[in-house]
Every structure is written in structure tokens, then in C-alpha cells.
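Residue numbers begin at 1 in each chain, while the letters A, B, ... track the order of the sequences. All heavy atoms count here, side chains included; hydrogens, waters and symmetry mates do not.
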2 protein chains.
Amino acid sequence: MSDRLTPTPAPAVADQVPERPGTTPGGVSAKTLLARLPLYEQIAEDLRAQIESGHLAPGAPLPSETVLIERYHVSRITARAAVRSLRAAGLVITEHGRGTRVRDASTGPIDLDTAVTHDPTSHRLTTWDDAWSPVEDAIRYRTTATGPLARTLALDDGEPLFAHERLLTPANDAPAVGAPRIAHTVFVPFAVCVDTPGIEADPFAPLPTLYAALTAVGHTLTWHDTITARMPTPDEAATLALPEGAPLLLHTRTTHGTDHRPLLHEHTRLDPHRITLTTTTTGPQL
Amino acid sequence: MSDRLTPTPAPAVADQVPERPGTTPGGVSAKTLLARLPLYEQIAEDLRAQIESGHLAPGAPLPSETVLIERYHVSRITARAAVRSLRAAGLVITEHGRGTRVRDASTGPIDLDTAVTHDPTSHRLTTWDDAWSPVEDAIRYRTTATGPLARTLALDDGEPLFAHERLLTPANDAPAVGAPRIAHTVFVPFAVCVDTPGIEADPFAPLPTLYAALTAVGHTLTWHDTITARMPTPDEAATLALPEGAPLLLHTRTTHGTDHRPLLHEHTRLDPHRITLTTTTTGPQL
DNA sequence: CAGTGGTCTAGACCACAAT
DNA sequence: TTGTGGTCTAGACCACTGC
């Protein structure tokens with residue numbers, strides 16, 4: 001990686017900087033800390049250490065509840081609490097009747113570039129969803145704007161809009177069980193349809209087509225993105241095949257027109273364990 | 001909001017699009033679904049409904065375990081399981097000895113703009129952390145690059161670097177209990193220190209200062225960002241005051257120089273319930 | 001002090017998966 | 001059928017909070 005033939009010289013300040021501090025500050029020994037942890041957390045810690053050391057390899061079954069009860073001499077509730085702690089931390093996954101296994105982190109998350117790029121040959125704005133294909137038929141419906149959705153689209157409460165929900169998976173991917181999935185929803189107000197011939201023709205077209213239709217009527221587009229995470233609803237957990245206790249990553253984007261008028265709103269929900277959002281930006285040439 | 005004096009006319013396609021489908025497809029009634037839920041989930045659903053309807057207002061105490069046991073005629077474990085479900089969904093927070101209260105979502109999350117902007121007056125690159133101030137003294141240490149960190153910085157395993165951990169809160173904020181917090185860590189390889197006089201002077205300077213030092217030696221900077229979420233370690237949960245069962249939002253940024261050589265790496269950890277990441281981008285003028 | 005939630009036990013029945 | 005995890009009961013003791 002480094003081109004240097006000699007080790008990197010230490011900067012002058014290095015002498016004044018300590019090595020990385022230990023993880024148990026305040027003069028409390030690790031043993032004391034461990035002893036005052038609840039029993040089930042001590043068991044969880046023990047299993048955690050075995051996972052991190054590779055003693056329990058990814059995919060390997062965790063000791064069953066019965067074994068844990070015997071090995072640690074605890075009640076079943078305590079053993080289960082230990083496993084729950086590991087599950088909540090995302091270290092293991094549990095399947096009813098099959099057992100609990102160490103979570104397979106072998107295939108790291110894939111990247112999803114959130115940038116909207118301009119393809120100079122086709123003169124078309126492209127987004128990530130060009131490289132993703134629907135798992136099942138899209139759900140199309142019409143509804144009315146309320147609450148936060150109405151506010152971000154600057155619509156009165158009750159104004160009608162089209163919605164478009166798609167469940168996507170990477171294109172050219174065998175429909176594997178563990179394949180990453182994205183739940184993508186696009187909202188198009190009736191008002192925007194009416195003002196934009198290309199959109200009125202098909203309000204449920206792919207995003208790049210909607211963008212093209214908007215630029216065709218003279219808009220210079222601006223996007224406002226927000227990213228957050230929260231625990232999924234049971235419904236979201238099911239459609240995205242999220243393991244129990246795993247969080248949901250949420251990306252929303254509002255497309256604004258030339259006069260900063262909001263035109264479209266979309267949100268993207270995904271499993272951060274399988275997909276990571278990325279962007280690359282360049283600073284000014286100085 | 002809308003300038004129209006008449007209701008938005010429906011586009012022609014509207015007739016072919018159904019209303020929003022119901023949430024219980026497949027001909028299964030809501031009652032049937034509810035009946036086959038575990039007891040504790042039924043109780044949780046009941047409480048959930050009371051929270052969403054406002055019957056249990058934000059900040060209001062949830063019925064105590066004793067009350068739940070009497071009201072629903074269940075054992076304590078079942079009552080606790082119901083509360084745990086609500087806690088995992090982020091709807092309530094529990095404090096030992098004080099009780100469980102409906103989580104206060106009144107103050108929505110604050111925005112954190114991830115953009116690096118160029119201030120034309122000071123000719124300085126600025127980032128969000130200009131508006132945030134440290135809660136406690138920064139932790140400075142030196143360590144060595146290993147694993148993923150070594151790879152993203154294109155360093156050989158074991159090459160030395162400085163690290164800088166800060167816990168930040170919005171500037172001019174009273175140090176309230178529920179104030180948002182950000183855990184920010186910056187890594188600076190020794191090699192970059194040595195090549196950049198402005199950084200060798202103080203490798204632990206704020207980010208805009210580091211950027212300025214890098215542009216001063218001729219670099220045009222590029223940033224590569226990744227965003228993901230996961231469950232926090234107990235340590236992270238403590239420093240960021242994350243409620244039990246709440247996820248952690250993780251933003252990493254690698255700064256590259258003119259020759260795409262990685263120069264700095266930073267990561268930012270925060271509570272997505274209190275802070276949302278945002279960006280605004282503008283498309284090409286067409 | 002009383003009331004709250006946190007941990008823990010022993011024992012039971014059920015639902016699901018593999019054999 | 002066996003072994004797995006999922007739910008549930010009744011009862012106990014402890015730790016923290018606020019009066």
C-alpha cells in the first residue's frame with residue numbers, strides 16, 4: 001500500500017500523545033466489572049467472546065438452550081435472556097425449531113450510491129435504481145397527502161397523489177434467499193402530473209424517466225435527502241427479511257423544481273446489514 | 001400551500017388506479033390476525049393503539065407492571081414482554097425505579113447537514129462540526145491501522161496514526177439531559193502529518209483546519225461517504241444515551257487528495273431518533 | 001417507606017424443524 | 001419422535017426512585 005521503503009517517521013508531536021487507552025478506565029478491573037453484570041449478561045459476554053475469537057464461527061450453531069442451562073447452571077429464562085442479548089446486538093440469528101446460529105457476516109454489505117448522475121451520452125439523469133430490478137409487481141395506488149408528507153410536498157391536507165411501491169433486488173442476481181432488498185416508494189402529486197405531460201402519460205414510470213419529464217418542461221432539479229434509522233414495523237421486517245432486533249435504514253428524497261417547488265417525494269427502506277449508502281463528492285478546485 | 005383555487009384536476013390515468021389497498025390482505029380479518037398473536041403482543045398492540053390515538057400522550061406514564069397484570073389478568077413476565085415489545089419499537093422508555101413513559105417525539109429530530117461547503121468570504125471549507133461544541137475533553141491517542149481502517153486509508157497493517165475522539169453537542173445549547181450528541185472520531189496517519197506542515201503542527205485540530213492544511217499543500221479534496229446503521233455496543237449506548245433497543249446511525253467519511261490518495265478518515269455515530277442526516281444537491285443546468 | 005422496574009427460579013405446554 | 005425455540009404461570013428477592 002505505502003510506497004515508503006522505510007517506516008513512516010513519527011511527527012514531532014507523537015511523543016506527547018499516549019497510546020490508545022484501555023477500555024476499562026477509572027481503576028475498575030475488568031473482573032470487577034464482569035462480576036457486577038447480571039448473570040445473563042455474563043453468559044452473553046462469554047458467548048460474545050467465543051464468537052469474536054472465532055471459536056464459534058459464522059454459521060455455527062450456538063449451544064442450545066438446554067446445553068446453556070446445564071453448562072452455566074442457570075434457569076431457562078436466564079439462558080434465553082443471554083441469547084436475546086446477542087440477538088439484539090445482531091450477533092446471532094434464531095430460527096424457531098432450528099436453533100440459533102452465529103450470524104454470517106462473511107459477505108459484507110453491498111454499496112448503494114445515492115448520487116443522481118448525468119449521463120453525457122444519453123443526456124439522461126440516472127439513479128441507482130437503474131441497476132435494480134423488481135422482485136414482484138409494483139403496487140400502484142392513489143391516496144391523499146396528510147401530515148409530514150403533505151408538508152414536505154407543500155400540499156394542502158387531502159390533496160391527491162399517486163404512489164408507487166416497488167420491492168427491488170440487484171439486477172442479474174439469482175433470486176437467492178439472502179439477496180439484498182430495497183423497498184422503494186415514490187409519491188407523485190396529481191398537480192405535478194397535470195403540469196408535466198411526460199408524467200401524466202405514466203406517473204408510475206421509473207425515476208430517471210420522471211426526472212427526464214421534469215427537465216423537459218424546463219425544471220432544474222434539486223434534491224433534498226434525509227437519512228435516518230429506526231426499528232422496523234413487523235410489516236417492514238417481513239418484506240425486507242430483517243432479522244429480529246435489526247434496525248431499518250431509511251433514505252428519503254424530495255425533488256424540487258426551478259422555483260424550489262417540491263415535485264416528487266420518495267423513500268427507500270433497506271437492511272443496513274446488507275446494504276450501505278454511499279456518496280462521493282468533490283470539493284472546489286482551489 | 002397550493003395556488004389553485006379549484007381542486008387539482010385528476011389526470012386521465014387516475015381512473016385506472018385503485019385507492020390505497022387495505023393493510024390486511026388475503027381475506028384474513030384483523031380480528032383473526034389479532035387472535036393468533038401471542039398474548040403479550042396483543043397487550044402491546046392495545047397499548048400501541050392507545051399511544052397512537054393520543055390516549056396515552058407523549059411523556060405520560062405507561063400503566064405500571066402491577067396494573068398491567070391486574071388489568072389484563074396475566075403473569076408479570078407476560079406484562080413485561082409487552083412492555084419490552086414497545087421499548088424495542090422505540091415507543092416508550094423505561095427508567096429503573098421511575099417507571100415507563102411514552103417517548104416524547106414532540107421535538108422531532110434535528111437535522112445534520114453532511115455537506116462540506118466552501119465559505120467564499122473566508123475561503124475556508126466548513127462542515128457541520130463548526131456549529132457543535134465538545135461536551136467533554138477530547139480523547140487523543142495514537143494507534144496503528146489494522147483491518148478495514150488500514151484498507152480504507154490504503155495503509156499497510158500496523159502503520160501508525162493519530163486518533164481523536166470527541167463527544168459533541170449543539171453549540172449554545174444548555175447542557176440538557178436529552179440534548180442530542182454526536183460521537184466523532186478522526187484518524188490521521190503519521191504519513192499525512194509528515195507531508196503536511198499545517199497538520200504536523202496540530203494533528204488534532206478541528207476538521208476545517210485539517211482541510212485547510214491539506215488544500216494549502218495543493219490537494220483538491222474528494223470525500224467518500226458511507227452511511228449505515230446497526231445496534232449499538234453497550235458502550236456506545238451509554239455515551240450517546242441511547243434507549244434500550246434503539247439503533248445507532250453511523251456515518252463514515254474518507255478524505256482523498258488530488259491523486260486519490262486517502263488522507264483522513266472519520267466516523268460519526270449518533271442517535272437517529274434525535275438527529276437526521278441531510279444533504280441537498282443540485283442537478284445540472286440543462 | 002412504598003412503588004417502580006430488574007433479575008432469577010422451577011416447571012409447564014405449544015409450535016416448528018429435522019429425523 | 002426428538003430436539004429446538006416460543007410462550008406462559010406463580011412466586012421470590014434485589015435495586016432504584018421519590019416521598
Side-chain angles (χ1 to χ4, degrees), chain A residues 32-47 56 59-89 91-103 177 234 237-238 241 243-246, chain B residues 32-47 56 59-88 91-103 177 234 237-238 241-246:
Chain A
T32 312
L33 275 176
L34 198 63
R36 66 179 57 185
L37 279 177
L39 227 192
Y40 74 92
E41 280 294 0
Q42 293 179 41
I43 298 171
E45 274 308 324
D46 191 32
L47 294 170
L56 281 171
L62 218 64
S64 76
E65 293 181 356
T66 321
V67 173
L68 292 178
I69 290 166
E70 287 166 1
R71 184 178 300 174
Y72 295 100
H73 307 291
V74 293
S75 75
R76 189 166 169 225
I77 286 199
T78 306
R80 284 176 60 74
V83 176
R84 173 165 49 236
S85 170
L86 298 175
R87 207 166 35 215
L91 287 172
V92 302
I93 58 174
T94 293
E95 282 163 297
H96 193 169
R98 290 222 286 184
T100 301
R101 303 192 322 278
V102 177
R103 196 151 157 186
V177 217
E244 194 204 76
Chain B
T32 312
L33 277 176
L34 197 63
R36 64 180 59 184
L37 279 178
L39 226 194
Y40 74 91
E41 280 293 1
Q42 294 179 41
I43 298 172
E45 275 306 325
D46 192 31
L47 294 170
L56 282 171
L62 218 65
S64 78
E65 292 181 355
T66 321
V67 173
L68 292 178
I69 290 166
E70 289 167 359
R71 183 179 299 174
Y72 294 100
H73 307 290
V74 292
S75 75
R76 190 166 169 225
I77 287 201
T78 306
R80 283 176 60 75
V83 175
R84 175 168 45 238
S85 170
L86 298 175
R87 208 167 34 218
L91 287 173
V92 301
I93 58 174
T94 294
E95 283 163 297
H96 194 171
R98 290 222 286 185
T100 300
R101 302 193 322 276
V102 178
R103 196 151 159 186
V177 219
L242 294 168
E244 193 202 86

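For Y72(B), the side chain to side chain donor-acceptor pair (under 3.5 Å) partners are D46(B), not counting sequence neighbours. In this view, E70(B) satisfies the side chain to side chain donor-acceptor pair (under 3.5 Å) rule with no residue, not counting sequence neighbours. Every residue two or more places apart in sequence or in another chain that forms a salt bridge (charged side-chain N to carboxylate O under 4.0 Å, His left out) with R98(B) is listed here: E95(B). Taking the side chain to side chain contact (heavy atoms under 4.5 Å, CB included) definition, one finds that I93(B) meets it with R101(B), R103(B), P243(B), sequence neighbours left out. With sequence neighbours left out, the salt bridge (charged side-chain N to carboxylate O under 4.0 Å, His left out) criterion links R76(B) to E65(B). Every side chain to side chain donor-acceptor pair (under 3.5 Å) that S75(B) has, sequence neighbours left out, goes to T78(B). Evaluation of the side chain to side chain donor-acceptor pair (under 3.5 Å) rule for T100(B) yields T94(B) as partners, not counting sequence neighbours.
Atom CG of L39(A) sits about 13.0 Å away from atom CD1 of I77(A), to the nearest 0.5 Å.
Between Y72(A) atom OH and dT9(C) atom P the separation is 14 Å, expressed in whole Å. The nearest whole Å value for the distance from the CD atom in E41(A) to the P atom in dA15(D) is 17 Å. Atoms CD1 (I77(A)) and P (dG6(D)) sit 13 Å apart, rounded to a whole Å. One interatomic measurement links the two molecules: NE2 of H73(A) to P of dT9(C), which rounds to 12 Å at whole-angstrom precision. Here dT4(C) presents its C1' atom at 12 Å from CG of L68(B), a figure rounded to the nearest Å. Summarising the geometry, the separation between CD1 on I43(B) and P on dT9(D) is reported as 8 Å, rounded to the nearest angstrom. One interatomic measurement links the two molecules: CD1 of I93(B) to C1' of dT17(D), which rounds to 15 Å at whole-angstrom precision.
Across all strands, V74(B) comes closer than 4.0 Å only to sugar-phosphate atoms, never to a base (heavy-atom distances).
Summary for the helix from dC1(C)-dG18(D) to dA18(C)-dT1(D): the axes at its two ends, each from 5 pairs, differ by 20° when rounded to the nearest 10 degrees.
Considering L91(B), V92(B), V102(B), L68(B) as possible partners of L47(B), the one that fulfils the side chain to side chain contact (heavy atoms under 4.5 Å, CB included) test is L68(B).
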Under 3.5 Å, which N/O atoms of the protein pair with N/O atoms of nucleotides 2-5 of chain D?
unit_1: dG3(D); atom_1: N2; unit_2: G97(A); atom_2: O; d: 3.2
unit_1: dT4(D); atom_1: OP1; unit_2: S64(A); atom_2: OG; d: 3.2
unit_1: dT4(D); atom_1: OP2; unit_2: T66(A); atom_2: OG1; d: 3.3
unit_1: dG5(D); atom_1: OP2; unit_2: E65(A); atom_2: N; d: 2.9
unit_1: dG5(D); atom_1: N2; unit_2: H96(A); atom_2: NE2; d: 3.2
unit_1: dG5(D); atom_1: N3; unit_2: H96(A); atom_2: NE2; d: 3.3

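Contact between the side-chain N/O atoms of Y40(B) and the OP1/OP2 oxygens of dT7(D) is found at a separation under 4.0 Å.
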